[in-house]
Structure formats: C-alpha cells, structure tokens
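Heavy-atom basis, side chains included; hydrogens, waters and symmetry copies ignored. We count ligands from 1, going down the list as the structure has it; atoms in each ligand are counted the same way.
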Amino acid sequence: MRTQVAIIGAGPAGMLLAHLLHRSGVDAVVLETRSQEYVASRIRAGILEQSSVDLLTSAGLGDRLHAEGFAHRGIYLRWPGERHHLDFVDLIGRSVWLYGQTEVQKDLVAAGTASVEYDVSDVALHEVATDRPYVTYVDASGTARRLDASVIAGCDGSFGPSRAEVPGKTWERTYPYSWLGVLADVPPSTDEVMYAWHPEGFALHSMRSPTVSRLYLQVPNGTDVRSWSDQRIWEALATRLGHGQDGWKLTPGPITEKSVLPMRSFVQTPMRHGRLLLAGDAAHIVPPTGAKGLNLAIADVALLAPALIALVKENDPTLADRYSGDAARRVWRCTHFSWWMTTMLHLGDDPFDAELQLSQLRWVTSSEAGATGLAENYAGLPIGF
Ligand code: RFL
Ligand code: PHB
C-alpha cells in the first residue's frame, strides 16, 4: 500500500493532521493500535486556548464547539481564606474555551476526512532517514502489511514507537505527586475552572457540561485508586477547595469515573529525523496543571500540516526544515508554564517552598503585571510564537 503521509496514532494530533492534509488534497493513512470506541471515549483534557479554537474553526471543525463549548473569561485561584478571579479578557483580551478532548475527537471522526485503520499491532517504522520511509504492521484481521509513504508523522503519544526512531535528547522532569481525577454527575459548583492551593494538597474543580463536573486531587505517587472511597474524595475536595468559606459551597454527587494520573515533563529534541516528524505527546508531555497538553498537540499540527503539504506537493522542504525549531520554541514555553503552575500549586515536603508558593500566589493575584503574565500563558500565545 502507498500513501503520501503515513500517520502513526489517531489521537487529536494524528486525526487533525489527517483532516488538514485531506483539505489540501494530500493523501494520508492513519494507523491506530486501539479500537475506534476506545479512542473516542478516553477522558482527558478540557480546556482549549483561543488559537486552538481558531484553528479548529478555520478547519471546518467548529460548529459543535461553538454551539456546545463554553467561553471562560478566566480562572479562580484559591487558598485558605482567599478566592481570586483572574479575568483573562480584561487582562489580555482573550478567553479560553471549555470543550472536552473527547468532543474534539468525536468531531474529527465525524468529519470523515481521515482514513484510519484501527486495531492494528506490531507497528514498526523503517528507513526514516531516506526518501522512501515505510511502516510495517499487522492489520485487524491479523495480516502483515507494509505502508510506503513520502513522509511519516509520529503522532503516537508518549508510549508509541516513533520517538525512539529520532536520535537526539529527551529532557525529563518527574514530580513527587500524581492526580486523582474524578468525573461526577453533578452540576459544577463553579462557573469557571478553580485551582486551589491547600496545606493538605492541591485540588482543581473543572467541568465538562452544565451537569457533569471534573475534579482532581493531589495524591502521592503510587496511590491505589481503591484507597479513595467516594466519601473520602468529596471530603478532601470540600476541605481543599474551601467549602463554606466566603459563602462558597461544593455540591457532591455520584462519581462515574476515577483514575490516578502520574505527572511528568519531557521534551524530545529535535522533533524530526529525516522523513519522520513528531507531533503532540510523541514529542513532549507536560503535567496537566495549566491545561497545555492538547493545545500543544494542536499547535504542533498547525505548523506540521503546511510543512508536509509543501514537502509532498511541491517538494519544498523549507517549512519542514523549520518545523522542529519553530515547534520546540512553543513547547519549551508551555513546558515552563506547566512546570511553574504545577510547582506553585502542589504541596511539597519543605515549609520554605510553601511560603514561596503563597508569596507567588499573592503576587499573581494582586499585581497586574503578575496576573497578565499568567493570563498570557494560560490563554495561549499565538501559534507562531
Ligand atoms: P494521544 O492522545 O496520546 O494519541 C496518541 C495515539 O497513538 C496511539 N498509539 C499508536 N498508534 C499506532 N501504533 C502504535 N504503536 C501506537 N502507540 C500508541 C494511541 O493509542 C493514541 O490513540 O496523543 P496526541 O494526539 O499527541 O494528543 C495529546 C493529548 O491527548 C494529550 O496531550 C492530553 O490529553 C494530555 N492530558 C491532558 N491534557 C490537558 O491539557 N488536560 C488534561 O486534563 C489532561 N488529562 C491527559 C490527561 C493525558 C492523559 N494520558 C495520556 C495518560 C489525562 C490522561 C489520562
Ligand atoms: C480539565 O478540565 O480536565 C482540566 C482543566 C484544567 C487543567 C487540567 C485539566 O489545568
């Protein structure tokens, strides 16, 4: 089989890339190890930056997003005795959007523009440093296949095989805590996302719809989700989010999903080797404080799609040659911001750190310069930054 672009992975990066290539008349085949149902139902990110919304809209994927997504003017920052709202629209003239990654994924599938083979196995990349790269895999029926392409896009997340084919450096930072994430069938107790510092650990209140809440608690690494009963979760959330303070109340409800998410930062540089280019989690992971993972994947693809179109249609490598450097600049900015939000809000062992965190929180909520810096990073910098 032959295609112009072989895409490994049908997450948001791979599917959006396939969609943009299709709109420009470039053929692509997407290979995905999981089933279509599994990929469509994974619960992950919830916040889209304005530039992600603009890109999805200009790619014809914005109808449901605009009808069902929610524009949020900013976020709340809370710590014992304090609640502050940072209004990004007032500060920098941009908002963020609440629209789940699950919904973005559904919209990409519904567009019907990506040719995807689900349930494949044994995916291996070959000859990526030459002009004739190819991928071998076993299809859903158990038949061994070979897919020849002009170029391969590695969009296979942090555990896929693409990254190992790119010689370079992996920069990594681990954190001594994880998140326990829950989905609950209860109207959110906040109108916009609330981040809370607390001496018992960080908590976050987000949402998916007017009737579904998404909440997170800082827990130690290695936490067994079974050690957290629903009652224990709601009690910890109430304490850390400040139930009962300044009239604010957290309403508990039935929990429908619970999982523990480890956290790390990593960046792979360069993001390209020959005819293999990486995008999204295949090239970088950020901790979720700051909601950057999905937005970075979209920003990579915004650069990668025109680069691949120029390469395969006009044999012009200019944009492809710039891709890794251009993408990595934004990646490092978001890596710093995610690290900064994470280390400002999560409890460590050292009381000195706690004082620094509170001082930083007071600064970003009382100084316009501090608040503006946070807002600019959270709401997202322009794609070409
Ligand atoms: P994805 O979504 O991981 O998609 C990669 C796809 O590649 C497939 N794959 C393979 N396909 C073929 N051959 C192989 N050998 C393959 N190996 C893997 C996988 O099955 C998958 O379908 O990466 P992509 O497209 O780069 O998108 C990135 C985003 O998904 C990611 O950054 C965010 O979801 C990160 N993230 C979160 N980000 C936030 O901003 N806020 C969040 O609340 C948030 N929660 C999360 C998250 C990531 C999670 N993961 C990866 C563990 C919660 C979780 C659980
Ligand atoms: C979410 O809605 O899942 C969410 C929101 C903000 C974050 C992380 C996750 O920083």
Exam field: side chain [X] to backbone [Y], donor-acceptor pair closer than 3.5 Å:
X	Y	answer
Lys313	Ser24	yes
Asn377	Phe337	no
Arg275	Thr130	no

Give yes or no for whether the N/O distance cutoff of 3.5 Å, strictly under, is met between [X] and ligand 1.
X	value
Pro12	yes
Gly46	no
Gly160	no
Arg34	no

Original post:
Is the closest heavy atom of Arg214 to ligand 1 under 4.0 Å?
Top reply: no
Original post:
Under a heavy-atom criterion of less than 4.0 Å, does Tyr38 contact ligand 1?
Top reply: no
Original post:
Gly9 heavy atoms, cut-off 4.0 Å: which ligand 1 atoms fall inside?
Top reply: 6 (C), 7 (O), 8 (C), 11 (N)
Original post:
With atoms numbered from 1 as shown, which atoms in ligand 1 lie under 4.0 angstrom from a non-hydrogen atom of Cys155?
Top reply: 5 (C), 6 (C), 7 (O)
**OP:** Specify whether the nearest protein heavy atom to atom 36 (N) of ligand 1 is under 4.0 angstrom away.
**Re:** no
Original post:
Parallel under 30°, tilted from 30 to 60°, perpendicular over 60°: which one fits the rings of Tyr134 and His126?
Top reply: parallel
**OP:** If the plane angle is over 60° it's perpendicular, under 30° parallel, otherwise tilted; pick one for Trp248 and His205.
**Re:** perpendicular
Original post:
Protein residues near ligand 2, heavy-atom distance below 4.0 Å?
Top reply: Arg44, Gly46, Ile47, Trp179, Tyr195, Leu204, Ser206, Arg208, Arg214, Tyr216, Pro288, Thr289, Gly290, Ala291
Subject >> Side chain proximity check, Tyr216 to Leu261, heavy atoms < 4.5 angstrom >> reply: yes
**OP:** Give a yes or no on whether Glu257 atom CD has more than 12 heavy-atom contacts from other residues, nucleotides or ligands under 6.0 Å away.
**Re:** yes
Subject >> Arg73 atom CZ, neighbour heavy-atom count above 12 within 6.0 Å >> reply: yes
Original post:
Are the ring centres of Trp339 and Tyr175 closer than 6.0 Å?
Top reply: no
